[in-house]
S.K.: 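Sharing a structure, written as structure tokens. Questions coming.
Being a predicted model, the structure only gives us computed values, none of them experimental.
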Amino acid sequence: IGQIAAGMGDLPRAIQAYDAALQSAKETGLKDYALYGKAFVLIQQESYQPALDLIAPLAQSDRTDSLGAESKIAAAICL
């Protein structure tokens, strides 16, 4: 839902959807994707420090998948 809302330009609704996913998700993988999604929306809103605070743990992790790489790019954008 967060991705759909963000794609439609409804960034406040996207943030709400990602927050709901973060609160209800039990699986770490789902939480990681929700964290990345929320950070991406914050970057679109030019809220760089809050985005960096969210994405830094993912960017600094040893993930080798696409989420790990995208998180590193997102963190660099925030600097």
Side-chain angles (χ1 to χ4, degrees):
I1 296 173
Q3 285 181 321
I4 294 169
M8 293 174 30
D10 190 349
L11 301 182
R13 184 165 182 205
I15 293 285
Q16 290 175 344
Y18 286 123
D19 282 340
L22 287 166
Q23 291 175 5
S24 65
K26 293 180 175 39
E27 180 190 332
T28 302
L30 181 57
K31 285 185 178 186
D32 288 350
Y33 279 98
L35 279 173
Y36 175 79
K38 182 175 179 179
F40 184 78
V41 171
L42 289 169
I43 289 168
Q44 290 178 309
Q45 294 176 323
E46 298 183 1
S47 297
Y48 298 112
Q49 189 59 53
L52 182 59
D53 293 343
L54 280 176
I55 207 73
L58 285 174
Q60 295 169 359
S61 73
D62 59 357
R63 292 182 74 128
T64 58
D65 60 359
S66 62
L67 185 59
E70 291 293 326
S71 295
K72 287 174 179 49
I73 293 168
I77 290 169
C78 294
L79 299 176

S.K.: If you count every heavy atom of other residues, nucleotides or ligands that lies below 6.0 Å from Ile1 atom CD1, does the total exceed 12?
M.R.: no
S.K.: Within a strict 4.5 Å, meaning less than it, do heavy atoms of the Asp10 and Ile4 side chains meet?
M.R.: no
S.K.: Evaluate the side chain to side chain contact (heavy atoms under 4.5 Å, CB included) criterion for residues Leu42 and Ile15: first the C-alpha distance (whole Å), next the side-chain angles of each, then the deciding distance (0.1 Å), finally the verdict.
M.R.: CA-CA 8 Å; Leu42 289 169; Ile15 293 285; 4.0 Å; yes
S.K.: Using the side-chain hydrogen bond (donor to acceptor under 3.5 Å, both in side chains) criterion, which residues pair with Gln23? Sequence neighbours excluded.
M.R.: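 Partners of Gln23 under the side-chain hydrogen bond (donor to acceptor under 3.5 Å, both in side chains) test: none.
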S.K.: Would you say that Ser71 contacts Ile73 through its side chain, given a criterion of any heavy-atom pair below 4.5 Å between the two side chains?
M.R.: no
S.K.: Asp32 and Leu67: side chain to side chain contact (heavy atoms under 4.5 Å, CB included), yes or no, with the steps?
M.R.: CA-CA 8 Å; Asp32 288 350; Leu67 185 59; 3.7 Å; yes
S.K.: Could you pull out the closest heavy-atom pair between Ala51 and Cys78, with the gap in Å?
M.R.: CB-SG, 3.7 Å
S.K.: Return the set of residues passing side-chain hydrogen bond (donor to acceptor under 3.5 Å, both in side chains) with Asp62 (not counting sequence neighbours), or none when no residue passes.
M.R.: none
S.K.: Is the shortest heavy-atom distance from the side chain of Ile77 to the side chain of Tyr48 under 4.5 Å?
M.R.: yes
S.K.: Minimum heavy-atom separation for Ala59 to Ala75, with atom names?
M.R.: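 Scanning both residues completely, I find the closest heavy atoms to be CB-CB, 3.8 Å.
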S.K.: Within the supplied structure, the quantity of interest is the number of heavy atoms (other residues, nucleotides, ligands) at a distance under 6.0 Å from Gln3 CD; does it exceed 12?
M.R.: no
S.K.: Of all heavy-atom pairs between Tyr36 and Ala74, which one has the smallest distance, and what is that distance?
M.R.: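 For Tyr36 and Ala74, the tightest heavy-atom pair comes out as CE1-CB, 4.1 Å.
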S.K.: Return the minimal non-hydrogen interatomic distance between Lys72 and Arg63, and the atom names on each side.
M.R.: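 That closest heavy-atom pairing would be NZ-O, 4.2 Å.
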